[in-house]
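A short worksheet on the structure shown next.
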Amino acid sequence: MKFKTTKNQNTRFNDINWNDLRFGQFFSDHMFIVNYKNGKWDDGEIVPYGPLPIEPAMCTLHYAQACFEGLKAFRDVKGGANLFRPEKNAARLNHSGERLCIPNLDVNFQVEAMEELVKIDNKFIPTKRGQSLYLRPFVFGSANFLGVHASSEYMYIIITSPVSSYYANGLEPVKILITDEYVRAVRGGLGNTKAAANYAASLYGGTKAKEKGFSQVLWLDGVTLNFVDEVGAMNIMFVIDGEIVTPSLEQGTILPGITRMSVLELASELGLKATERRISVQEVVEAHRSGHLQECFGTGTAAVISPVGQLTYKGEDMIINNNKIGPIAQKLYDTITGIQYGEIEDKKGWVRHFEF
Ligand SMILES: Cc1ncc(COP(=O)(O)O)c(C=O)c1O
C-alpha cells in the first residue's frame with residue numbers, strides 16, 4: 001500500500017440504494033486526505049469517510065479559497081477498472097489552484113491517490129453500463145482566521161461516489177436557456193478554473209432557469225453578451241453544416257473540459273471536422289432559422305455527451321434535430337464510453353487501467 005491506510009470497520013455499502021444511484025448522493029467507505037502545513041504537503045493517508053473537524057473561522061467558509069475536480073472510474077468489461085485521463089484532472093486542479101493561490105500537488109501523487117482509493121473501495125464501482133464510481137478531488141484553505149489573504153494551510157481530499165448517468169433520462173435531449181440576464185464569468189476572472197466560487201455564481205441564474213422548466217443555462221460572455229461560453233457543467237458544441245464548432249478558450253472564461261479536449265482529439269479519426277472559434281449567439285440563431293444547425297450537445301464528465309433538444313434565446317424556442325440525439329453526438333458518445341469501459345481499444349493511452 002502506497003499510503004497509510006485506516007480501514008473503515010462499518011461499511012456503508014448496504015446504506016446505498018443500488019437501484020437508484022442518483023448523482024452525488026452516496027459515498028464509499030474511504031477518503032484520501034493530505035494536509036499542507038509549514039510550507040509542505042504531508043504524506044497523505046486513506047481513512048474512513050466521515051466528518052471533518054471545522055472551526056467557524058476556517059477561511060474557506062468566508063473567502064471561498066477552494067477548487068475541485070470530477071472524474072470517473074469505470075469497471076472494465078475485461079476486469080479491473082479504468083480511470084479516464086486522470087492526469088488531466090490533476091493538472092487542471094493545479095491550474096485552478098494557482099489562480100486561487102493554493103499550492104500545487106504533484107500530478108503523479110494525485111493520480112496514485114485516486115488509484116489507491118478506487119482499489120480499496122472497488123466494490124463500490126457499480127456494475128451496469130452507464131454507471132461508474134465518480135471521484136471528487138478537492139482542495140481548500142483550512143487555516144482559521146478572518147482577513148482576506150491566502151491561507152497558510154490546505155487540505156486536499158478525494159471522496160468517491162457510485163453514480164448512474166448524471167441525467168436521470170440518460171441520452172434524452174435537454175432543454176437549455178440562453179440567458180442574457182446573468183453571467184458566470186468575465187475576462188480576467190475565474191472562468192477557466194474549477195473554482196467553487198464559479199458554481200456559487202451560477203446558482204441563481206440556474207435556479208431561475210429551472211423554475212421556467214429548463215435543465216441548465218447556456219452562459220454568454222460576461223462582457224458583451226454576444227458570444228457563447230459554456231453550459232452550467234458542460235462545454236457546448238454545435239454541428240453547423242456537418243462541422244463541429246465549439247467556443248475557443250482564449251478569452252479565459254470557459255473551463256477547458258477534458259471531454260471537450262477528447263472530442264476535439266477524436267474528431268479527425270472519426271472523419272469529422274471540428275473547429276474551435278468564437279461563436280456569436282446570433283450565428284446560432286441564424287443557423288437554426290436557416291436550417292443549418294444540425295446538432296447541439298454538451299460535453300462533460302457527468303454525461304460524456306448530452307444532446308440539446310431545445311435552446312431558448314430571448315423567447316425564441318429553437319428545436320434542434322427534432323429533439324432527438326443526432327448521429328455525430330451518438331458516435332462520439334459510443335466511442336468515448338466504449339474506451340472508458342474497455343470495449344474499444346484505447347489507442348490514445350487515455351485510460352489508466354488497474355486490477356484489484
Ligand atoms: C463549468 C463546466 N464546464 C465544463 C465542464 C466539462 O468538463 P469535463 O469534460 O472535464 O468534465 C464541467 C464539468 O466538469 C464544468 O463544470
Side-chain angles (χ1 to χ4, degrees), residues 1-6 24 27-36 40-47 49 66-76 78-100 102-126 132-140 154-163 192-196 255-262 265 300-302 304 336-337 339-342 345-356:
M1 193 58 78
K2 291 192 181 83
F3 301 101
K4 183 182 166 214
T5 298
T6 309
F27 300 96
S28 318
D29 280 347
H30 299 90
M31 59 184 179
F32 176 83
I33 299 193
V34 51
N35 284 287
Y36 182 94
K40 61 177 177 24
W41 291 102
D42 69 19
D43 293 339
E45 60 178 323
I46 291 174
V47 294
Y49 176 94
C67 55
F68 67 95
E69 270 306 322
L71 69 159
K72 286 176 169 176
F74 303 88
R75 227 172 245 286
D76 190 299
K78 298 181 292 300
N82 298 325
L83 281 167
F84 188 68
R85 310 191 83 175
E87 67 293 342
K88 298 287 182 207
N89 293 90
R92 190 171 65 184
L93 191 74
N94 281 343
H95 169 258
S96 302
E98 255 164 48
R99 181 65 177 78
L100 297 167
I102 296 174
N104 272 10
L105 182 57
D106 182 71
V107 164
N108 287 331
F109 178 92
Q110 291 189 54
V111 173
E112 280 177 7
M114 294 173 194
E115 181 174 320
E116 287 301 311
L117 190 62
V118 174
K119 276 184 182 163
I120 192 170
D121 277 338
N122 70 76
K123 67 179 181 207
F124 286 87
I125 312 173
S132 57
L133 187 66
Y134 181 80
L135 283 78
R136 166 55 58 86
F138 58 108
V139 60
F140 57 94
Y154 296 89
M155 280 180 117
Y156 169 100
I157 301 180
I158 310 172
I159 55 176
T160 69
S161 170
V163 295
N192 64 0
T193 72
K194 228 167 147 55
L255 189 77
I258 292 154
T259 320
R260 173 187 184 280
M261 180 194 302
S262 305
E265 288 174 32
T301 296
V304 184
I336 295 175
T337 57
I339 294 170
Q340 290 172 333
Y341 288 93
E345 192 195 344
D346 172 29
K347 289 188 209 141
K348 294 182 175 291
W350 282 350
V351 150
R352 183 177 172 107
H353 177 81
F354 51 90
E355 305 286 329
F356 25 78

Any M114 side-chain heavy atom under 4.5 Å of P137 side chain: yes
Atom pair NZ (K4) and OG1 (T6), whose distance is rounded to the nearest 0.5 Å: 5.0 Å
Aromatic ring proximity, centroids under 6.0 angstrom, F27 and Y134: no
Listed partners of R92 passing salt bridge (charged side-chain N to carboxylate O under 4.0 Å, His left out), at least two apart: E69
F3 side chain reached by F109 side chain, heavy atoms, under 4.5 Å: yes
Results of side chain to side chain contact (heavy atoms under 4.5 Å, CB included) for T337 - residues two or more places apart only: R129, V304, Y333, Q340, Y341
Whether Q110 side chain and E87 backbone form a donor-acceptor pair below 3.5 Å: no
Exam field: side chain K72 to backbone L135, donor-acceptor pair closer than 3.5 Å: no
Which atom of F124 lies closest to which atom of L133, heavy atoms considered: O-CD1, 3.6 Å
Side-chain (W41) to main-chain (Y154) donor-acceptor, under 3.5 angstrom: no
L93 side, atom CG; E98 side, atom CD - distance, nearest 0.5 Å: 11.0 Å
Which atom of K194 lies closest to which atom of S96, heavy atoms considered: N-OG, 2.9 Å
Where C67 and L100 come nearest, the two heavy atoms and their spacing: CB-CD1, 3.7 Å
Ring centers of F74, F84 separated by less than 6.0 Å: no
For D346 against W350, the heavy-atom pair lying closest together: OD1-N, 2.9 Å
Full working for ring pair (Phe, Tyr, Trp, His ring centres under 6.0 Å) between F138 and F68: CA-CA 4 Å; F138 58 108; F68 67 95; 8.4 Å; no
Verdict with reasoning, K123 to D29, per side chain to side chain contact (heavy atoms under 4.5 Å, CB included): CA-CA 10 Å; K123 67 179 181 207; D29 280 347; 3.8 Å; yes
Check against side chain to side chain contact (heavy atoms under 4.5 Å, CB included), F140 and I157: CA-CA 9 Å; F140 57 94; I157 301 180; 4.0 Å; yes
Value rounded to 0.5 Å, distance of OG1 in T5 from NZ in K119: 11.5 Å
D76 CG to N82 CG distance, which is reported to the nearest 0.5 Å: 4.0 Å
Which residues share a side chain to side chain contact (heavy atoms under 4.5 Å, CB included) with H95, sequence neighbours left out: N192, T193
F354: ring-ring contact (aromatic ring centres under 6.0 Å, His included) partners, not counting sequence neighbours: none
Heavy-atom pair with the smallest gap, counting every atom of G342 and K78: O-NZ, 2.6 Å
Side chain to side chain donor-acceptor pair (under 3.5 Å) against T160, all qualifying residues, sequence neighbours excluded: S28
Closest approach of A81 to I125 (non-hydrogen atoms, all atoms of both residues): CB-CD1, 3.8 Å
Partner residues of R352 under the side chain to side chain contact (heavy atoms under 4.5 Å, CB included) criterion, sequence neighbours left out: L83, P86, V111, E112, E115
Full working for side chain to side chain donor-acceptor pair (under 3.5 Å) between S262 and R85: CA-CA 9 Å; S262 305; R85 310 191 83 175; 2.9 Å; yes
Euclidean distance, I159 CD1 relative to D121 CG, rounded to 0.5 Å: 11.5 Å
Between CD1 on residue I158 and CD1 on residue I46, distance to nearest 0.5 Å: 8.0 Å
Backbone of L71 reached by a side-chain donor or acceptor of T301 within 3.5 Å: no
